[in-house]
Amino acid sequence: MTMEQRDQRQWYAIRTFHNKATTVCRIAEREEVEWYTPVREEELLEGGEVVVRHTPLMPSLLFLRATEEFIARLKVEFETGFFLCYSDL
């Protein structure tokens, strides 16, 4: 990602469908796009030990800090049927 592209990034809220959040995150990481999903931290007792688990608050909601070009490529790749970009509303 060039310095000019970094300056053009903005946050997008994206709702994925059909369990595609993981796929979108992998693409974002590959393209060096920052992403975030709100999680709830839970402490569970498993086998006598406390285990901390992070569970998404809304599994289909992602926030991406990306360029318009990246979002446009995602729309083409997923044929817009797998996610909704809230900046379009």
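Worth knowing before you read on, the calculation uses all heavy atoms, side chains too, and leaves out hydrogens, waters and symmetry mates. FYI, the numbering just counts along the sequence from 1.
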Legend entry - Listed partners of Glu29 passing side chain to side chain contact (heavy atoms under 4.5 Å, CB included), at least two apart: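 If we apply the side chain to side chain contact (heavy atoms under 4.5 Å, CB included) test to Glu29, skipping adjacent residues, the hits are Trp35.
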
Inset, instruction - Using side chain to side chain contact (heavy atoms under 4.5 Å, CB included) as the criterion, list what pairs up with Thr22, not counting sequence neighbours. - result: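 Applying side chain to side chain contact (heavy atoms under 4.5 Å, CB included) to Thr22 gives Arg26.
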
Could you give the distance from [atom1] ([X]) to [atom2] ([Y]), rounded to the nearest 0.5 Å?
X     : Y     : atom1 : atom2 : value
Tyr12 : Leu64 : OH    : CG    : 10.0 Å
Ile71 : Lys75 : CD1   : NZ    : 7.5 Å
Thr67 : Gln10 : OG1   : CD    : 9.0 Å
Thr37 : Phe63 : OG1   : CZ    : 7.5 Å
Glu69 : Leu74 : CD    : CG    : 11.0 Å

Inset, instruction - Establish whether Met58 and Trp11 are linked, either directly or via other cluster members, by ILVMFWY side-chain heavy-atom contacts under 4.5 Å. - result: yes

Legend entry - Linked, directly or transitively: Tyr36 and Leu61 (ILVMFWY side chains, under 4.5 Å):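 Both belong to a single hydrophobic cluster.
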
Inset, instruction - Mind listing the closest non-hydrogen atom pair of Ala21 and Pro59 along with its distance? - result: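 So the two residues come closest at CB-O, 3.7 Å.
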
Using distance only, find each side-chain donor-acceptor pair of residues 41-54 under 3.5 Å and give its atom names and separation, not counting sequence neighbours.
from, atom 1, to, atom 2, distance (Å)
Glu41, OE1, His54, NE2, 3.1
Glu42, OE1, Thr55, OG1, 2.8
Glu46, OE2, Arg53, NH2, 2.8

Legend entry - salt bridge (Lys or Arg N to Asp or Glu O under 4.0 Å) against Glu34, all qualifying residues, sequence neighbours excluded: Arg65

